[in-house]
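Everything below concerns the one structure shown next.
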Protein chains: 2
Amino acid sequence: MATNKKEEFSQKEQDLAAFAKAMAHPARIAILKVLAQRNECICGEIVELLPLAQSTVSQHLKELKNAGLISGTIDGPRSCYCINWKAFEKFMSEFSFLFNKLKTQNEKACC
Amino acid sequence: MATNKKEEFSQKEQDLAAFAKAMAHPARIAILKVLAQRNECICGEIVELLPLAQSTVSQHLKELKNAGLISGTIDGPRSCYCINWKAFEKFMSEFSFLFNKLKTQNEKACC
DNA sequence: ATCTTATATCGCAAATATACGATTAAGCAT
DNA sequence: ATGCTTAATCGTATATTTGCGATATAAGAT
C-alpha cells in the first residue's frame, strides 16, 4: 500500500502542501529564523546554532533549497544561504486566499 | 539513529513546525479547503470529494484534529467537522512575526 | 604538493507517515 | 432484536524522513 496519491490533488494543493512540508520541522524553522534575522547569507554558523550534526544541517538546508524557500551560493570554501522572500510572499498570499478570505465571509463556527 | 531531537528546539519553533506538518499533505489541504468553503460541519462528504479510502480520510481528519486545526463533534451516527479559525489566526500571526516583520527591516537579499 | 577548513554526499539504522481492507462501535430505523 | 448507515480503529505493507558517521570535494593556506 502507501502508493502515492499526492498527484491526484490539484497543483495548488500540492504546492501549498510542499511549502508546509518544508517548514514541518523545528530545525528548518530555526534555520529560517536565523536567515531572516541575519539577512546576510550564513553557512556553518547555522551548524553551531543548532543541536544537530553538520551533515544533518546540510540535509535540512538542501530540503529548504529544493522547496525554493532559500537560495544558496558558493563563496570560496564555504556556502552562503539566504531566504527567498518572493517564495514566502507567494505562499503566504495563497494561504490567505484559502483561509483568511473565506473566513471573513462566514465566521460562525458550528462545532 | 534518528533519535528525536525535536524537543531540543524552542516551543515556538516546535509549535510552528507542528502546524506546518499538519498542512504538509495535499489531502489535508483539500480537507481544510472544503471545511473553509462550507463552514458548516461536514463529515463523509469529504470522503466523496477526495480520491482516498474512508479509513485514510478518517486518519487525516484525526491528524488535523490532533493538531488543533479543526474540531469535530458527533452528530448521531455521523461526525461533523469544522475549521478552528482561532488556531489559524494564532499561527498566521506567528508566521508573520517570524518572516514578514523581519522582511521589511532588511529586504535586500544577498544571494 | 600538502594540509587545513568548510560543506556536500553516501550509506545505513531507526522512526514516521501514508494508504488500504477488515473490523469495530454507535446511532437510527424497522 | 436485527439490520443499515456512518465513522473510527486495527493491522499491515510500503514509502519517506530523520539523523549520524564516514567519506568525498573543493578552496585557501603553508
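First the proteins, then the strands, lettered A, B, ... as listed; each starts at 1.
- Aromatic ring pairs are classed by plane angle as parallel below 30°, tilted from 30° to 60° and perpendicular above 60°; the pair Phe19(A) and Phe91(A) is parallel.
- Atom P of nucleotide dT6(D) and atom CG of Leu61(B) are separated by 16 Å, given to the nearest angstrom.
- Taking the nucleotide of DNA chain C with the nearest heavy atom to each of Phe9(A) and Gly44(A), the more 5' of the two is matched to Gly44(A).
- DNA chain C is contacted by both Lys21(B) and Ala53(B); Lys21(B) maps to the nucleotide lying nearer its 5′ end (nearest heavy atom per residue).
- Of all the heavy atoms in Leu50(B) and Ala30(B), the pair that sits closest is CD2-CB, 3.8 Å.
- Mapping Ser79(B) and Lys6(B) onto DNA chain D via the closest heavy atom, the residue that lands nearer the 5' end is Ser79(B).
- In terms of position on DNA chain D, the residue among Ser58(B) and Asn4(A) whose nearest nucleotide sits closer to the 5' end is Ser58(B).
- Atom pair Ile31(A):CD1 and dT7(C):P shows a separation of 13 Å (rounding to whole Å applied).
- Arg28(A) has a side-chain polar atom (N or O) that falls below the 4.0 Å cut-off from OP1 or OP2 of dT18(D).
- The CD atom of Glu7(B) sits 12 Å away from the C1' atom of dA15(C) (whole-angstrom rounding).
- Between atom CG of residue Asp15(A) and atom CD1 of residue Ile29(B) there is a gap of 10.5 Å, rounded to the nearest 0.5 Å.
- Protein atom NE2 of His25(B) is 14 Å distant from nucleotide atom C1' of dT17(D), rounded to whole Å.
- Between His60(A) and dT17(D) there is no side-chain polar atom (N or O) within less than 4.0 angstrom of OP1 or OP2.
- As rounded to whole Å, 15 Å separates atom C1' of dT16(D) from atom CG of Asn66(A).
- Residue Tyr81(B) places none of its side-chain N or O atoms closer than 4.0 Å to OP1 or OP2 of dT6(D).
- Rounded to an integer number of Å, the gap from Met23(A) CE to dT18(D) P is 14 Å.
- Residue contacts for Thr56(A): at a heavy-atom cut-off of 4.0 Å it reaches a base atom on one of the strands shown.
- Partners of Phe9(A) by ring-ring contact (aromatic ring centres under 6.0 Å, His included), not counting sequence neighbours: none found.
- The environment of Glu7(B) atom CD is dense: over 12 non-hydrogen atoms of other residues, nucleotides or ligands sit within 6.0 angstrom.
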Nucleotide-resolved protein contact map, nucleotides 22-30 of chain C, B/S/- at heavy-atom distance under 4.0 Å: B----SS--

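- Taking the side chain of Leu52(B) as heavy atoms from C-beta on, and the options dC20(C), dT7(C), dA7(D), the nearest nucleotide is dC20(C).
- Taking a 6.0 Å sphere around CD1 of Ile74(B), one finds it holds 12 or fewer heavy atoms contributed by other residues, nucleotides or ligands.
- Rounded to an integer number of Å, the gap from Glu45(B) CD to dA7(D) P is 9 Å.
- Counting any heavy atom pair closer than 4.0 Å across all strands shown, Gln59(B) reaches a base atom.
- The NZ atom of Lys62(B) sits 7 Å away from the P atom of dC10(D) (whole-angstrom rounding).
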